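Since the structure comes first, as structure tokens, the remarks are kept for the end.
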2 protein chains.
Amino acid sequence: MPVEYERSIFLEALRERGMRVTSERLVLLEEVFRQHGHLDAEQLLERLRLHGHKISRATVYRNLDLLVECGLVRKYRLGQDRFLFEHVHRGQAHNHISCRECGQVVEFVSPAIASLLDEICRAHGFEPDENTVQVLGLCGICARSSRPRLATAS
Amino acid sequence: MPVEYERSIFLEALRERGMRVTSERLVLLEEVFRQHGHLDAEQLLERLRLHGHKISRATVYRNLDLLVECGLVRKYRLGQDRFLFEHVHRGQAHNHISCRECGQVVEFVSPAIASLLDEICRAHGFEPDENTVQVLGLCGICARSSRPRLATAS
DNA sequence: GTAACTGCAAAGTATTTGCAACAAG
DNA sequence: CTTGTTGCAAATACTTTGCAGTTAC
């Protein structure tokens, strides 16, 4: 099993809270860590079922939130409509650029930005998470097909 | 009327599209520009009604999107649950830090970050909007009342 | 055994849409 | 008068919740 480390964290977190270790929880953990990238609840559900697991939508939602609680998963609202979930990658802070129009997401890393933001956040009394910058823009495709907006003054 | 400039842009945009100038549209424009800050559709509706205007929720939603289309308003998903709208302030790019927990939003400006991002975005084929950086974190209050997350390795 | 967990279906929430009445041009 | 617009209420889409049956411990 490829997620030993996270699994042990998870088990410990469950124990701490007096929560139970169920097969649904373990299987969801596995699936979330199976690959890199952002997934929504529905996609996760689909994949779980493809891999032959019986699990309900409600359980997926409930336990995704639990994984977020345990610090193993991050929950984003990058698309306009649904939440995206992504497992935490240790020591690999990264940020997101997402397209305002089509929702496509790409990741980037920038220590320079990170430290500038850190400073700014603290100045405002905020505590930034490690990977927390979301840039909105237009991807190449959408940029080409969209009209110009309000003139930015003279 | 304090929004002459935006009003004229709006009227022109409506004309261009063969759309009609209705009192609901004008009144919504006024309200959005009445003050700085982020408002959701519901708040806007409430304020419009407080100011004595009869307007339906559907019309507010429809015309907020229209104002976005016209480049007069920006639509964000800063909170987890609903969209926030903010009128465009000419020449004043700014970014948002929002609290993951309570949704509180503060703004900041950073030319240094802006230019770094510009570079990064272009490298990824994206065209960043002027004000597009959203940082997620915890505000002072929520940070204090929340438990520590996943240890960031040794 | 008992309290937590699951699955189901029903409820919620924010937003969108169909349609008939209304109004701008 | 003609076509866009409004208001209403119903529909959506995603997510959450109540509850009875199931299962971990």
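Convention: sequence-line order gives letters A, B, ...; per-chain numbering from 1. Worth saying up front: this structure is predicted, and the values here are computed from it rather than measured.
For the helix from C:dG1-D:dC25 to C:dG25-D:dC1, the angle separating the two terminal helix axes comes to 30°, with each axis derived from five pairs and the value rounded to 10°.
Under the 3.5 Å distance criterion, with hydrogens and angles disregarded, a donor-acceptor pair is assigned to the side chains of B:Arg47 and B:Gln35. Using modelled atom types, one finds no donor on one side chain facing an acceptor on the other under 3.5 Å when comparing A:Arg82 with A:Gln43. A donor and an acceptor atom, one from each side chain of B:His38 and B:Glu86, are located under 3.5 Å apart.
Contact between the side-chain N/O atoms of A:Thr22 and the OP1/OP2 oxygens of C:dC5 is not found at any separation under 4.0 Å. Close to D:dT15, at under 4.0 Å from its OP1 or OP2, lies a side-chain N or O of A:Tyr61. In this model, the phosphate group of D:dT6 is approached by a side-chain N or O of B:Asn63 to a distance below 4.0 Å at OP1 or OP2. Residue B:Ser56 places no side-chain N or O under 4.0 Å from the OP1 or OP2 atom of D:dC8.
We find that CG of B:Asp81 is positioned 12 Å from P of D:dT15, with the value rounded to whole Å. Taking atom CG of B:Leu78 as the reference point, atom P of C:dA14 lies 16 Å away to the nearest angstrom. When the P atom of D:dG7 is taken as reference, atom CZ of B:Arg25 falls 11 Å away, rounded to whole Å. D:dT5 atom P lies 11 Å from atom CD of B:Glu24, rounded to whole Å. Between B:Arg82 atom CZ and C:dT15 atom P there is a gap of 8 Å when expressed in whole angstrom units. Across the protein-nucleic acid pair, B:Leu14 atom CG and D:dT5 atom P stand 8 Å apart, rounded to whole Å. For B:Arg77 and D:dT15, the CZ to C1' distance is 12 Å, given to the nearest whole Å. The distance from atom CE of B:Met19 to atom P of D:dT5 is 4 Å, rounded to the nearest whole Å.
With sequence neighbours excluded, the residues that form a side-chain hydrogen bond (donor to acceptor under 3.5 Å, both in side chains) with B:Glu42 are B:Arg57. Shown here are the salt bridge (charged side-chain N to carboxylate O under 4.0 Å, His left out) partners of B:Glu31, two or more places apart in sequence or in another chain: B:Arg34.
Closest non-hydrogen pair, A:Phe33 versus A:Val3, comes out as CB-CG1, 3.2 Å. Closest approach of A:Cys99 and A:Cys139 over heavy atoms only: SG-N, 3.4 Å. In plain terms, the two heavy atoms of B:Ile55 and B:Arg49 that are nearest each other are O-NH2, 2.7 Å.
Ring geometry for B:His96 versus B:Tyr76: interplanar angle over 60°, hence perpendicular rather than tilted (30 to 60°). Aromatic ring orientation, B:His89 versus B:His87: tilted (interplanar angle from 30° to 60°). Relative ring orientation between B:Phe85 and B:Phe83 is described as tilted, the plane-to-plane angle lying within the 30° to 60° band.
Residues B:Ser23 and B:Phe85 both approach DNA chain C. Their nearest nucleotides, taken by heavy-atom distance, put B:Phe85 toward the 5′ side.
Applying the salt bridge (charged side-chain N to carboxylate O under 4.0 Å, His left out) test to pairs two or more places apart or on separate chains, those with a residue in residues 106-126 of chain A are A:Asp118-A:Arg122.
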- Scoring nucleotides 18-23 of chain D by protein non-hydrogen atoms under 4.0 Å (B base, S sugar-phosphate only, - none) yields B----B
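Contacts with DNA chain D (heavy atom under 4.0 Å) in residues 33-54 of chain A: none are found.
Closest contact between the side chain of B:Arg57 and the listed nucleotides C:dT15, C:dG7, D:dT16 involves C:dT15.
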